[in-house]
Amino acid sequence: MTNSTDIIFVQTLGCYVVIEYTSGLRSISFVKSKDRIKEKKTLGITFELERYFKGEKIDFSCDIDISHLSPFVQKVLGETRKIGYGKTIPYSELAKNIGCRGARAVGGALARNPVPIVIPCHRIVAKNGIGGYSAGVDIKTRLLELEKKRREA
DNA sequence: AGCAGGTTTAGCG
DNA sequence: CGCTAAACCTGCT
């Protein structure tokens, strides 16, 4: 079975992105240190991500392995995937879409998202301000800027 | 049970 | 407008 890890440097974010793939996309993470790692691009999703970071509007359609997560989290993440490129909605609205009012619960679910970007958790923002981000608000801001730029073009 | 979290809204100065 | 307090809901100990 396929089981591999890719890593690429992303200029836009100023950090490395690690992609883990097993029986589907398993996780995406951001690392700053460049020690003892070599760039590696073997997966299709990796190339899609590179194009995304270059500013292309990508519709990620690869399998994601999130079977180990709780039903509620899967529901939130599934709903998050439906949000279009360059679009942002508040936590409360996403909560309403899945039938509850607990905006904080939604935030909690998003914090457990193993695959940022492919599941665009950065498009969920607070009503007054940017809101939080598990990988760092600075990254969230840059992702939104990236999509905004593409949208205006 | 109890606490904390990527929020929200209402209430008060 | 900025600050505090209570309410909402799920996940972890």
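The chains referred to below are lettered A, B, ... by the order of the sequence lines, with proteins before strands, and numbering in each begins at 1. These numbers come from the heavy atoms of this one structure, side chains and all, not from hydrogens, waters or symmetry mates. Remember, it's a predicted structure, so these values are computed and weren't measured experimentally.
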Tell me what A/Ala126 touches on the nucleic acid: a base, only sugar-phosphate, or nothing, going by heavy atoms under 4.0 Å.
-> sugar-phosphate
So, is A/Lys127 near the phosphate of B/dT7, with a side-chain N or O under 4.0 Å from OP1 or OP2?
-> no
Determine whether any donor atom in the side chain of A/Tyr133 lies under 3.5 Å from an acceptor atom in the base of B/dG6, or the reverse, and answer yes or no.
-> no
Whole Å only: how far is the CZ atom of A/Arg104 from the C1' atom of B/dT8?
-> 9 Å
How would you label the contact of A/Val137 with the nucleic acid (heavy atoms, under 4.0 Å): base, sugar-phosphate, or nothing?
-> nothing
When we call it a touch if two heavy atoms are under 4.0 Å apart, what does A/Phe72 touch: a base, just sugar-phosphate, or nothing?
-> sugar-phosphate
Counting only side-chain N and O atoms of A/Arg101, is one of them less than 4.0 Å from OP1 or OP2 of C/dC9?
-> yes
Using a heavy-atom cut-off of under 4.0 Å over every strand shown, decide if A/Ile130 touches base, sugar-phosphate, or nothing.
-> nothing
How long is the line joining CZ of A/Phe30 and P of B/dG6, in whole Å?
-> 16 Å
What orientation do A/Tyr52 and A/Phe60 show, parallel under 30°, tilted 30 to 60°, or perpendicular over 60°?
-> tilted
From CD of A/Gln74 across to P of C/dG11 the rounded distance in Å is 11 Å
Whole angstrom value for the distance that separates P of B/dT8 from CD1 of A/Ile89 = 11 Å
A/Ile98 CD1 to B/dT7 C1', in whole Å, measures 14 Å
What is the distance, rounded to the nearest whole Å, between atom NZ of A/Lys96 and atom C1' of B/dT9?
-> 14 Å
Within the structure shown, what part of the strands sits under 4.0 Å from A/Ser92 by heavy-atom distance: base, sugar-phosphate, or nothing?
-> sugar-phosphate
For A/Arg112 and A/Ala103, take the nucleotide of DNA chain C holding the closest heavy atom to each; which residue's nucleotide lies nearer the 5' end?
-> A/Ala103
What distance do A/Cys121 atom SG and A/Arg112 atom CZ have between them, rounded to the nearest 0.5 Å?
-> 13.0 Å
